[in-house]
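Contents: one structure, followed by commentary.
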Amino acid sequence: FIVLKWQGTLALKKKNYKEAEKYFAKALNLKSWDVNNRANYVLSIIGQNERKRARKAFEILEKEHPASPQVIRLKEYF
């Protein structure tokens, strides 16, 4: 899980959003409750300019972690 999360983070920092999404999605399969990973997953989709898909992923995050600082920050994108 940690290796996938870090690979996703590195890809996100390099603006390789498709690759980042792939790593974060694999990490979500292992720990779907991880708020940081799910937030980064949303960011990777936003980076691909897929707003509709990003919105759906964000809604899941918001439902599971409504008071999370990551959720509050991501709201500005929607």
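Not measured: the values here are computed from a predicted model.
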*Mind checking the NZ-CG spacing from Lys5 to Leu10? Nearest 0.5 Å is all I need.*
13.0 Å
*From Lys75 NZ over to Ile72 CD1, what is the distance, rounded to the nearest 0.5 angstrom?*
6.5 Å
*Please report the closest heavy-atom contact between Ser68 and Val35, naming both atoms and the distance.*
OG-CG2, 3.4 Å
_Co-membership, hydrophobic cluster, residues Leu4 and Ile2, 4.5 Å side-chain_ = yes
*Which residue pairs pass the salt bridge (Lys or Arg N to Asp or Glu O under 4.0 Å) test with at least one member in residues 9-23, sequence neighbours excluded?*
Glu21-Arg53
*From Ile45 CD1 over to Arg55 CZ, what is the distance, rounded to the nearest 0.5 angstrom?*
13.0 Å
*asked:* What's the separation between atom CG in Asn40 and atom CG in Leu74, rounded to the nearest 0.5 Å?
replied: 8.5 Å
_Please find the pair of heavy atoms, one from Ser44 and one from Ala20, that lie closest to each other, and give the distance._
CB-CB, 4.0 Å
*Kindly compute the distance separating CG (Asn29) from CZ (Phe1), expressed to the nearest 0.5 Å.*
11.0 Å
*Would you check if Leu28 and Asp34 make a side-chain contact, meaning some heavy-atom pair closer than 4.5 Å?*
no
*For residues 38-78, pull every pair meeting ring-ring contact (aromatic ring centres under 6.0 Å, His included), keeping only residues two or more places apart or in separate chains.*
Phe58-Phe78
*Ile46 CD1 to Leu12 CG distance, which is reported to the nearest 0.5 Å*: 10.0 Å
*Are any side-chain N or O atoms of Arg38 and backbone N or O atoms of Ser32, one a donor and one an acceptor, separated by less than 3.5 Å?*
yes
*Check step by step if side-chain contact (heavy atoms from CB on, under 4.5 Å) holds for Tyr17 and Leu43.*
CA-CA 8 Å; Tyr17 301 114; Leu43 286 171; over 6 Å; no
